[in-house]
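The structure appears right after this line, and notes come after that.
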Amino acid sequence: MKKWLCALLLVGGALAKPDPYLIVPGRGFGAYGPSLTLAQMEKKMVPGDYLEGESLGRPSAEIFAMDPFLRITMVVNHRRQIRSMFVHGYMGKWHTAEGIRLGTSLARLEQINGRPFRFHALSNRLESGRIIDWQGGNLARRFAKVRLTFASAMHSEGYSALTDQEKIRVEKAGLILRSNEPPTRKLNPIVETIELAF
C-alpha cells in the first residue's frame with residue numbers, strides 16, 4: 001500500500017511541474033519574460049546561445065539562438081528594456097495553454113476561438129497575415145496583446161487548390177479577410193509568428 005501511495009505522489013508531483021515551453025500572454029515564454037533583464041537572460045544561456053542585433057531595424061536580442069525550435073527574439077528599446085518577444089517559423093516547442101503553436105492552422109484557430117476572426121491578406125506588406133480581430137471569440141480578451149501572423153499563402157497546403165481568382169483575393173494588399181470565407185478556409189494558412197507585446 002505504501003509503495004502504491006508513493007507512486008501516486010510521484011506521478012502527481014510530475015504532473016504539477018510547470019510546463020517549460022508554455023507561452024503566457026503578458027508574462028513571456030516559459031521562464032523568460034520582461035521581468036528579466038537581457039544580462040540575466042544571457043547568464044542563463046550557454047555560450048553562443050545569446051546574440052544581440054537588429055530585427056526590422058529595431059535593436060533586438062535572441063536567446064536559444066542556435067536552436068530553431070526554441071529561438072526567441074526580443075525587441076528592446078534604447079534602455080535595453082524588452083518591449084516584445086516572438087517566435088517565428090513553421091514548428092517549434094513553444095505553445096499556449098490553448099495549444100496554439102507555430103504551424104497551427106486557420107481551421108484550428110477558428111475552432112479554439114469559437115467563432116470566425118479577421119486578418120490581413122497574405123500580401124507582400126509588413127502586416128501580411130496578421131490577425132487583427134478575434135470578433136469577440138474565446139481568444140479576444142486573453143490575446144489582446146498577442147500578435148499571431150500567418151505564413152505566406154504559398155506555404156499553405158491548400159494553395160495549389162485555389163483558383164487564380166482566389167489566389168488574387170487572398171494575396172491582395174490592403175484587403176482584410178475573414179477566416180470563414182471559402183478561399184481562406186480552402187487555403188487554411190498556418191501560424192508563422194507568435195509575438196507577445198509588453
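E62 and Y50 form no side-chain donor-acceptor contact under 3.5 Å, judged by distance and modelled atom types alone. When only modelled atom types and interatomic distance are considered, S123 and E171 share no side-chain donor-acceptor pair under 3.5 Å. For S60 and E54, the side-chain atoms include no donor-acceptor pair closer than 3.5 Å. T193 and H88 are linked by a side-chain donor-acceptor pair at a separation below 3.5 angstrom, with hydrogens and angles left out of the test.
The shortest distance between side-chain heavy atoms of F150 and R130 does not fall below 4.5 Å. Taking the side chain as every heavy atom from C-beta outward, D67 and D49 never approach each other to under 4.5 Å. Between L196 and K145 there is no side-chain heavy-atom pair separated by less than 4.5 Å. Residues F119 and T149 have side chains not in contact (no heavy-atom distance under 4.5 Å, counting atoms from C-beta outward).
Note that CZ of R147 is 13.5 Å distant from CD1 of I194, once rounded to the nearest 0.5 Å.
Geometrically, K44 engages Y32 in a cation-pi contact, judged by NZ or CZ lying under 6.0 Å from the ring centre and within 45° of the ring axis.
A salt bridge links E52 with R80: the distance from a Lys NZ or Arg NE/NH1/NH2 to an Asp or Glu carboxylate oxygen falls below 4.0 Å. Ion pairing between a basic and an acidic side chain is recognised when a charged N comes within 4.0 Å of a carboxylate O; K186 and E166 show such pairing.
Note: the hydrophobic cluster containing L109 does not contain F86 (ILVMFWY, side chain heavy atoms under 4.5 Å, direct or indirect links). V24 and I72 are members of different hydrophobic clusters when ILVMFWY side chains are connected at heavy-atom separations under 4.5 Å.
The aromatic rings of W134 and F143 sit perpendicular to each other, their planes meeting at more than 60°, with 30° as the lower class boundary.
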Q. After noting the C-alpha distance and the side-chain angles of I112 and I100, does the key distance pass the side-chain contact (heavy atoms from CB on, under 4.5 Å) rule?
A. CA-CA 9 Å; I112 293 168; I100 299 166; 3.7 Å; yes
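Distance alone, capped at 3.5 Å, places no donor-acceptor pair between the S55 side chain and the R58 backbone.
Aromatic ring centres of H95 and Y21 lie farther apart than the 6.0 Å criterion allows.
Other residues, nucleotides and ligands contribute over 12 non-hydrogen atoms within 6.0 Å of the CG atom of N77.
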